Amino acid sequence: MELEAAIRTRRSAHRLIEPAPSDEEFIDLLGWAATAPDHGHLRPWRWILVRGDSRAALGEAFASGATDTEAVRREGRKPLRAPLLATLVLVPQRNHRVPDWEQLAASSAMVNSLMLLLHGRGFGSMWRTGSAVDSADTRSLLGLAPHERLIGWLYIGSPDPTRRTVPRSPVPVDHRVSLFTAPPDPAPPEHPRAEMIRSCP
Ligand SMILES: Cc1cc2nc3c(=O)[nH]c(=O)nc-3n(C[C@H](O)[C@H](O)[C@H](O)COP(=O)(O)O)c2cc1C
């Protein structure tokens with residue numbers, strides 16, 4: 001699929017069905033997704049794939065903080081919304097040039113590329129977080145080290161053909177883009193620092 005078409009047509013899918021990419025296909029796509037901008041090429045992340053019956057164990061960990069039966073049932077079923085749950089773990093690297101926030105930004109860029117690559121192959125995905133990212137039970141089940149941070153799950157599978165996807169429209173962004181023009185020297189006090197490029201409707 002051509003890149004612009006992929007961006008225009010990708011939608012997060014709330015429920016996904018089989019098939020999901022195999023471990024091999026996931027790793028192949030990830031190798032390309034990992035070429036996303038990454039200061040220092042630190043790749044400060046790792047993935048833990050959860051499939052099949054192991055999703056139920058993850059559901060139990062999700063439900064461990066729930067206080068009533070209905071919440072336990074609801075949380076426990078969450079990982080069953082897709083055949084593959086790819087757990088994203090931020091692994092901050094000590095680096096004097098690259099602060100943690102840049103490492104999170106690089107990880108997010110990688111995820112976006114991965115979602116587009118998955119979409120290009122006909123798979124659907126959705127990035128989800130929730131309170132489970134900070135749950136001690138979930139962290140312990142997945143074997144996270146103390147310095148590692150869970151930053152969510154990419155729910156992955158195939159789009160359910162019975163579900164309609166709402167087509168995308170571009171986001172109105174005119175009010176978010178301005179152009180800076182350097183002030184003359186000396187600058188008059190009223191010189192605007194930046195002016196909108198398009199007038200907002
Ligand atoms: C870091 C991150 C965490 C998210 N966590 C959730 C979540 O827990 N539950 C949810 O419904 N959407 C969550 N979202 C939003 C969805 O992934 C998705 O972007 C949103 O439903 C909009 O759909 P779209 O991607 O088709 O525009 C999260 C997005 C990001 C970037």
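Counting convention: from 1, in listed order, for ligands and their atoms alike. Not measured: the values here are computed from a predicted model.
- With a 4.5 Å cut-off between side-chain heavy atoms of Ile, Leu, Val, Met, Phe, Trp and Tyr, the cluster of L42 takes in V98.
- Judged purely by atom type and a 3.5 angstrom limit, D38 has no side-chain atom pairing as donor or acceptor with the backbone of A106.
- For E18, the salt bridge (charged side-chain N to carboxylate O under 4.0 Å, His left out) test picks out no residue, with sequence neighbours left out.
- For E60, there are no salt bridge (charged side-chain N to carboxylate O under 4.0 Å, His left out) partners, not counting sequence neighbours.
- A donor and an acceptor atom, one from each side chain of S135 and D137, are nowhere located under 3.5 Å apart.
- Listed as neighbours of ligand 1 are R10, R11, S12, M126, W127, R128, T129, G130, R168, each bearing a heavy atom under 4.0 Å from the ligand.
- With a 4.5 Å cut-off on side-chain heavy atoms, H14 and R128 count as touching.
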